[in-house]
Every structure is written in C-alpha cells, then in structure tokens.
Protein chains: 2
Amino acid sequence: MVRIDDVAKRAGVSISTVSYALSGKRPVSERTREKIHLAARELGYLPNAGARMLAGRRTHIFALTEPFRSDTHAPSHMAFVLAASIAARRHGYDILLLTDEDSTQGMRRVEASGLVDGIIVLDVSPNDERAELARSSHTPTVFVGVPDNTDGLMCVDLDFAGATASAVDRLAEAGHRKIAMLGHPAGNYETTNYAPRARQGFRDRARELGLEAYFRPLSEAQFAAEDAYRLTLEFLDNGVTGIVLNTEERSHKAVLDAITARGLDVPRDVSLVSVGSIFDTSGFHRAIDSIPLVPEHSCELALQELVDAVEKQHVEPGVRLVTPEYRSYGSVGPHA
Amino acid sequence: MVRIDDVAKRAGVSISTVSYALSGKRPVSERTREKIHLAARELGYLPNAGARMLAGRRTHIFALTEPFRSDTHAPSHMAFVLAASIAARRHGYDILLLTDEDSTQGMRRVEASGLVDGIIVLDVSPNDERAELARSSHTPTVFVGVPDNTDGLMCVDLDFAGATASAVDRLAEAGHRKIAMLGHPAGNYETTNYAPRARQGFRDRARELGLEAYFRPLSEAQFAAEDAYRLTLEFLDNGVTGIVLNTEERSHKAVLDAITARGLDVPRDVSLVSVGSIFDTSGFHRAIDSIPLVPEHSCELALQELVDAVEKQHVEPGVRLVTPEYRSYGSVGPHA
DNA sequence: TTGAAAGCGGTACCAC
DNA sequence: GTGGTACCGCTTTCAA
C-alpha cells in the first residue's frame, strides 16, 4: 500500500506539505504542488480511509436508509438510490446501504461508530420513526420526502402542490373549464405525504381560477388500471375536457385506451397532463405532457444540503421544494 | 462519543482487556467479560470505525459493484442488492455502493484507499472487465454470476444447467415425450452466461432421455410476450405436451393465455415448468411449477465465500453452483 | 488472566 | 511557503 511518506519522499517534501497540497487546505507554491500531484499520480496514491477518518474526523461516507417495504415500486426506488449515489460521488462521498429491518437500528449503529458523515433518508412516510431519531442525532441527516412533523429536519422534495397547480394553469390557459384529476390509490392519501399535497394543489388552483374540478382516487394497486379506465369514461361522459394524471404507468395507458374507446382524440377533444411521474410519458402511443418527479433533481438538492451541513458543521433545517418543470409533448390543446 | 477508555474505566479494567473481551480474540475471565459487556451496553459503546480500520486493518465493509445498464431489470436487481446487503449484515459487514459509470474505477478507488475488506460483483457479463481487475487485485472479490474466463476467480451462481435438466427430468417422469423450451430474447445467448447454460442443460438432458425437444428464444424484450404467445401456439399445434419456461414474467402469462386460447388445460393437456425465475410463479391464475433463481441463496453463498476469504486471508478460487430447488405447484401432470 | 505501550496512516496545529 | 509532531481511538505485541 502506498502511504503518504512514499509520496513525500518522491516529491522531496514533508508529509504535511503533501497533505496540504492534496487537500488544498493551505496554500502551496505552484511548483511543489505540481511535484506532489505528479508523485501521487505516479504512485497511485490515495489516502488511507481509516487514517483519514481517525485523524480528520471525516469519513467521506454517507449512509442511505431505505426500508424495502412490500409495496415498494422497484424501478422508482432504484432510480432514487442511483441518483443519490451519483450525486454523492460528485461531492466526493460514497454511499453505505442501510437495509436493517429496523431502519432506526442501522442509523444508531453508524452514528455510534462514526462510520458516516451524514445520512440520507429515502421513502419517507408521514409519521416516519426516523424523523425523531434524526432530531436527536448528531449526524447531519436529510430527508428526501416530507414527514408530517418537519421540526428541526432538513427535507427535500418535489413541489407536488405547485406541480398540480401549474398543470391546472396550463389547462386553464388552453380554455378548459371542466377538469378532473385521477389520483393515487385511496390509501396513499393516508400513508404518504405527497399524494395529499398534489391533490391540494389541484383543488386550490382550480378554485382560484373558478374551474369546475373533480378529483378521484383509484382503488388499490392491482385494480388501479381498470379503475382509471372506468373513471376516465365517467369524466368524458360528464363533459370533462382536461385531465390531470397523478398515477402509475399502467393507469396512464388505461386512460388513453378509455379516450380511444369513446372515439375521442388527444389533444383535439381531451387534454392530458401527467404530474409527478417518474417514468417517461413521451413514450406512450400518445405522448403525454408531464411535470415529472426527477430523482436526480431531488437527490442533487438533498446532497447539496447534506454536504453543506457536514462541511459547514451547521445544519439549516427547513423544507426545500424542487421547482416543477413542465415538459410539453403536445397532449394539451385548445378547448374545442 | 463513547470511547474504549470510557468502557475500561467503568468496568475497572484496562483498555486492552476491553478490546479482547469484546472481540473475543483472547480468553477473558467470565467475571470481567460480563462487567465489560455490561459497561459497553450501558454506555452504548461501539468501536470507532476509523480507529478500527486503521489499527485492525479491517474495515468491516464490502463494496458492491453493480453497473446500472439500460436493460437492467429493476426488481431483480433490487432483490440481489437487498439480499447481498442482508447477508453481509448477518456476517457483520456493511455494504458500500459502487455506481461509477466506469465500474473498474470504483473498484480501483476502494482498493487503493483500503476502504473495504472485499468486493461483491453483481450483474456479471461474459467478458466482464471486472474479472481482469479482480485477478490483479489484492482485495478479495466474489462474482455473483459467471464470466467466460473464471481463472483465479471466486464465482457463485445458480446451477442453471442443472435446473433445466431437472425440469426435463420432471416432465419425462410424468411421461411427456415431446417437450419444448421457451428461452430468453436471442441476444441474451451472446450477452449473458446463464442463458446458454440453461439451454445446454435442457438439450443435453432431453437427448440423454431420448425425448423430442425444441428450443426457441424470444425476440427482443418489448415483443417477448407476443412471441411467447405465438410460439406456444406453435408448440401446441405440433403436439408438444411439456414446456419449460426460462423467460420473464409477462411471457409466462402469455403462455398461459395461449394454452387457454387453444381450449387446453394445465396440467391436464399441457405441463409447465418455470426455470430461473426470480418472481413468484405461484401467483398466476394457474400456478406454475418452478425451479427459481433465489437471490438470497446466491448471495448467502457468495458472502460466505467472501467472508471466508477475508478472515482466513486466503481465497479459494472456483465456481460454486447453488443446487436448484424444485417447487411444485401442480402444473405438471401425467401425459394423457 | 491482565496491563502497558507501540504503532496503524493520516490531519492540522505550531514553529520557523 | 514549508516542516516537525502531537494527536485521532483502537488492535495487538510484549511483559508480568
């Protein structure tokens, strides 16, 4: 194993100068800096992780806690893990997976052993037990998602209310006066925080604009697509001309099928906007405008917060909402 | 932070005795052992990770490299990551995620910095570049999957050939003489190692038993289900009475649909065995016998190998195949 | 059966 | 701008 002394010797300087030259924590003359970097590169030197942790009180590792529940949607979940990991690497941190059945146990463990500099919490539920733990922890922690009680917590999430609101805006601009929203399975309005926020944004903005607006949740997951089909037919038969979708992928297809079944066309007769989807809505037979949930955005912001907290040694609690981004694929047209 | 001196003080012994009592690397009298464990528990003591790495030359962390390719099947992938992580924890190790675009880069990094005690390689391709790296590495590495050249490598995988062979056995025992196998998309027979092995086991055993046997791959993923439907009809029309499935979930449904479409019944007219599936085949409308790919089995075996190599400081190269396990759900019946 | 003390390989303070 | 060195908290050898 190549040690810092090896680099120092080869560059003809002291080990402290090597340390400073590589960390940049103290000015070093251009010439020595180059010599040192060259030597380090030639030797393939990387500081020993353990020594760095011990002496520097910094591990350059973040823990990622993610309870794998039975209802976990694997593709979304993976996208978030991957996005978090990539964002972390960009800041020079590695990700340690915390998969203990009891998620608080893993957090306690890494905290007590000083294994990580910070913790990223995924898959946040409204009354998440990890919230309380984070409050009493000395390890900076960021939530990707929003629990009910956010006191003293750093949270990052998509602005779901803003997203549905701007979907309503878009439909209103196009002249639609009677709109509807298809939501998640009803249970999600109890077990998640984002579903109600999305609904709220829809209702509030529709009221502000004086639109006639209907909201319908789906029933449980396995029947969601059938539900979406049936409810869409209902909407259409009631003269709805703009629909906001906040559902999983299969229901999107079902909605398109229902519209076709009535002999109608998007966007000629009906306009569609998908909100908070993590999949690609431009790939459907009929591409659908989207205000997507982009894991990369949420995670990048979360990591910035976390790195800041770690390196400034001071956490700034608060909920940061990612600004929704409208992606136009031509599924919204003027009201006939 | 609670340090070892705190525990030593509270237990009234020296720090070396605490270290030995907790690691068990040296006999300690029953009485002191108890005192020390009590003190440690009361104080919530866990050894500092950095200090342990530095002094003990062991990090208790394994790296997990998993290139996320576009064709990655998220649910399977997640199941393997989770299984690996759980198996690792059971052995007292944590998992560090390596998601660099260039997978060898991450491996080099953790090796040079001594961040991990070992490496787990997932999603192995036939000519995996990580194989060469593992050979020249001093960090013990285990492959979950089998590359073409396994010289000097530790590999673990399901015995796919054995699995299809025993599926053939089961059909032969039930009196079927004309059987068929539905395989993966054709490309997988070039880009993966397990697909050809499964095909091989099917062909060889059928030949040994003198059965009339047909093998058909599917076309690319998005048309797989349609293919499966069509090919199944062909099989049935040609008098095939036993079918081995080595495909993803949707094609299983398509096969069942095709059988129904011909007015036939499982297992009265046709017998079915699924091989190497990672999903639950007992949940279909018609439950299907299965010789599954169980991530927990592969990962548990892989972790045992890796832990052994790390703790005995000696790797024992070789390919360990997990013995297939036949799960009977009543989809195989006697040949009419 | 137990204790004292020498490292492990860096970081960062203090001098110059 | 650069170098010497006292830690960081644990493991493990050596001695008792």
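In what follows, every chain begins at residue 1, and chains take the letters A, B, ... in the order their sequences are listed.
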Student: Starting from P on dG3(C), measure out to CD1 on I15(B) and report it in whole angstrom.
Tutor: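 Spelled out: CD1 on I15(B) to P on dG3(C) is 11 Å.
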Student: What are the residues of residues 307-314 of chain B, sorted by number, that bring a heavy atom to within less than 4.0 Å of DNA chain D?
Tutor: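 Listed by number, there are none.
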Student: Answer yes or no: does a side-chain N or O of R57(A) lie under 4.0 Å from OP1 or OP2 of dA12(C)?
Tutor: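 No, no such contact exists.
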Student: What residues, two or more places apart in sequence or in another chain, satisfy side chain to side chain donor-acceptor pair (under 3.5 Å) together with E300(A)?
Tutor: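 In terms of side chain to side chain donor-acceptor pair (under 3.5 Å), with neighbours along the sequence ignored, E300(A) is linked to R90(A), H91(A), Q304(A).
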Student: What range of DNA chain D does chain B touch, first nucleotide to last, counting atoms under 4.0 Å from its heavy atoms?
Tutor: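 Reading along DNA chain D, I get dG9(D) to dC14(D).
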Student: Just verifying a value: how many Å separate S76(B) OG and L293(B) CG, rounded to the nearest 0.5 Å?
Tutor: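 Nearest 0.5 Å value for the OG-CG distance: 8.0 Å.
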Student: Before you tell me yes or no, could you show the steps for D6(B) and R10(B) under side chain to side chain contact (heavy atoms under 4.5 Å, CB included), namely the whole-Å CA-CA distance, both residues' side-chain angles and the distance that decides it to 0.1 Å?
Tutor: CA-CA 6 Å; D6(B) 301 323; R10(B) 179 177 257 256; over 6 Å; no
Student: Taking only heavy atoms on the protein side, list every residue of residues 18-38 of chain B lying under 4.0 Å from any atom of DNA chain D, sorted numerically.
Tutor: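 The stretch gives S19(B), Y20(B), K25(B), R26(B) as the residues lying under 4.0 Å from the strand, ordered by number.
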Student: Atom CG of L54(A) and atom P of dG9(C): how far apart are they, to the nearest Å?
Tutor: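 After rounding, the gap between these two atoms is 12 Å.
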Student: What integer distance in Å separates D5(B):CG from dA4(C):P?
Tutor: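 In whole Å, dA4(C) P and D5(B) CG are 12 Å from each other.
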Student: Applying ring pair (Phe, Tyr, Trp, His ring centres under 6.0 Å), can you list everything that pairs with F62(B), at least two apart in sequence or on another chain?
Tutor: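 Here the qualifying residues are Y93(B).
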Student: For Y45(A) and dT11(C), give me the distance from atom OH to atom C1', rounded to whole Å.
Tutor: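 Computing the Y45(A):OH to dT11(C):C1' distance gives 10 Å.
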Student: May I ask you to decide if T139(A)'s main-chain N or O and T141(A)'s side chain share a donor-acceptor pair within less than 3.5 Å?
Tutor: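 Yes, T141(A) side chain to T139(A) backbone: donor-acceptor pair under 3.5 Å.
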Student: So does R320(A) pair up with D157(A), basic N to acidic O under 4.0 Å?
Tutor: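 Judged by the 4.0 Å cut-off on N to carboxylate O distance, R320(A) and D157(A) do not form a salt bridge.
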Student: Let me check something: any side-chain donor-acceptor pairs from residues 47-59 of chain A under 3.5 Å, sequence neighbours excluded? List them with distances.
Tutor:
{"from": "N48(A)", "atom 1": "OD1", "to": "G50(A)", "atom 2": "N", "distance (Å)": "2.9"}
{"from": "N48(A)", "atom 1": "OD1", "to": "A51(A)", "atom 2": "N", "distance (Å)": "2.8"}
{"from": "T59(A)", "atom 1": "OG1", "to": "I61(A)", "atom 2": "N", "distance (Å)": "3.1"}
{"from": "T59(A)", "atom 1": "OG1", "to": "L115(A)", "atom 2": "O", "distance (Å)": "3.2"}
{"from": "T59(A)", "atom 1": "OG1", "to": "D117(A)", "atom 2": "N", "distance (Å)": "3.4"}
{"from": "T59(A)", "atom 1": "OG1", "to": "D117(A)", "atom 2": "OD1", "distance (Å)": "3.2"}

Student: Within the side chain of D159(B), is there an N or O that forms a donor-acceptor pair under 3.5 Å with the backbone of G162(B)?
Tutor: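 Yes; judged by distance alone, with no hydrogens or angles, the pair exists.
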Student: Is there side-chain contact between T323(A) and L158(A), with heavy atoms separated by less than 4.5 Å?
Tutor: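 No; the side chains remain at least 4.5 Å from each other.
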Student: Is it true that a side-chain atom of S136(B) and a backbone atom of L133(B) form a donor plus acceptor pair closer than 3.5 Å?
Tutor: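 Yes.
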Student: So does E111(A) pair up with R108(A), basic N to acidic O under 4.0 Å?
Tutor: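 Looking at E111(A) and R108(A), the cut-off is not met.
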